[in-house]
Amino acid sequence: EVQLVESGGGLVQPGRSLKLSCAASGFTFSNYGMAWVCQAPTKGLEWVASISTGGGNTYYRDSVKGRFTISRDNAKNTLYLQMDSLRSEDTATYYCARREYYSGDFDYWGQGVMVTVSS
Amino acid sequence: DVVMTQTPVSLSLAIGQPASISCKSSQSLLGTSGKTFLNWILQRPGQSPKRLIYQVSKLYSEVPDRFSGSGSETEFTLKISRVEAEDLGVYYCWQGTHFPRTFGGGTKLELK
């Protein structure tokens, strides 16, 4: 059974950092691209970043470029999102998602982890 | 960025009624591979999103066949032939053809 379990969320002050993790199981992690998608309270979904199977290619939405870093450790079956210089507008639930190569779809999603940026 | 526009914003339907959700993109979603990466997902209340349809019209095996997807280029539609109680939630279309990936604003399906 495919499972994606996020962790590392919490309350953080503006300007500080946080690192999210997504532990993957039930599939060969290194064969899949991965992504982070966020959802601000009562709002819709917003793509944050994507990473290729080997980690060599990364993509970001403009509002997080230079502040967030997506990475992965295929030996540990884990996806990460390093979030620096956090802003109040980064407050959201963050989901990790698996990207299936042939369908191009995010076919599995984690349960999400909440990040609150507030003083 | 590709803007995804979903209508209606909300739907209030009785069990057994049909549903139709429109999704329009500001650019063609036909990729250089010849595939159109337009997908639909459902977020039930209090849950994370779940897959429904990929590449416009292909249903995942666990998705009931009362769901269908259609469209091309910039105009797409999700249909439910007969709404059931388990279908309530927010439906999102999203495109995986262009970066940044973008989502529609969502359509909330409520039961009357």
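Just so it is clear: chains get the letters A, B, ... in the order the sequence lines come, proteins before strands, and each one is counted from 1.
B:S48 OG to A:Q39 CD: the interatomic distance, rounded to the nearest 0.5 Å, is 10.0 Å. To the nearest 0.5 Å, atoms CZ (B:R51) and CH2 (A:W109) are separated by 13.0 Å. Atoms CG and CD1, from A:D107 and B:I41 in turn, are 12.0 Å apart once rounded to the nearest 0.5 Å.
Environment of CZ in B:R66: crowded, with over 12 heavy atoms of neighbouring residues, nucleotides or ligands closer than 6.0 Å. The environment of B:K35 atom NZ is dense: over 12 non-hydrogen atoms of other residues, nucleotides or ligands sit within 6.0 angstrom. Heavy-atom contacts from other residues, nucleotides or ligands closer than 6.0 Å to CZ of A:R16 number 12 or fewer.
Heavy atoms closer than 4.5 Å to chain A are found nowhere in B:K58, neither backbone nor side chain. Of the two parts of B:Q47, only the backbone, made up of N, CA, C and O, holds a non-hydrogen atom closer than 4.5 Å to a non-hydrogen atom of chain A. In this structure, chain B has heavy atoms under 4.5 Å from both the backbone and the side chain of A:F106. In this structure, chain B has no heavy atom under 4.5 Å from any part of A:T93. Interface residue A:V37: only side-chain heavy atoms are found under 4.5 Å from chain B.
Note: B:F99 and A:Y59 have parallel aromatic rings, judged against thresholds of 30 and 60 degrees for the angle between ring planes.
Under the 4.5 Å side-chain heavy-atom criterion for ILVMFWY residues, no single connected hydrophobic cluster contains both A:Y80 and A:L20. Hydrophobic cluster membership differs between B:V90 and B:L109, with clusters built from Ile, Leu, Val, Met, Phe, Trp and Tyr side chains linked at under 4.5 angstrom. Linking Ile, Leu, Val, Met, Phe, Trp and Tyr whenever their side-chain heavy atoms come within less than 4.5 Å puts B:F76 and B:V63 in one cluster. B:L52 and B:F37 fall into different hydrophobic clusters, where Ile, Leu, Val, Met, Phe, Trp and Tyr side chains are chained together by heavy-atom contacts under 4.5 Å. By the criterion of side-chain heavy atoms lying less than 4.5 angstrom apart, applied directly or through intervening Ile, Leu, Val, Met, Phe, Trp or Tyr residues, A:V115 is not grouped with A:L45; the two fall into different hydrophobic clusters.
When side chains are defined from C-beta on, A:D62 does not count as touching B:P100, because their heavy atoms never get closer than 4.5 Å. Taking the side chain as every heavy atom from C-beta outward, A:D105 and B:I53 never approach each other to under 4.5 Å. At a threshold of 4.5 Å between non-hydrogen side-chain atoms, the residues A:S103 and B:Y60 count as touching.
Side chain of B:K50 to backbone of A:Y108: no donor-acceptor contact under 3.5 angstrom is found.
In terms of non-hydrogen atom pairs under 4.5 Å with chain A, the most contact-rich of B:G106, B:G96, B:P49 is B:P49.
Listed here is the closest heavy atom pair of B:Q43 and A:Y95: NE2-OH, 3.2 Å.
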Can you list the steps and then say if A:E46 with B:R101 is a side chain to side chain contact (heavy atoms under 4.5 Å, CB included)?
-> CA-CA 8 Å; A:E46 193 170 74; B:R101 309 307 194 201; over 6 Å; no
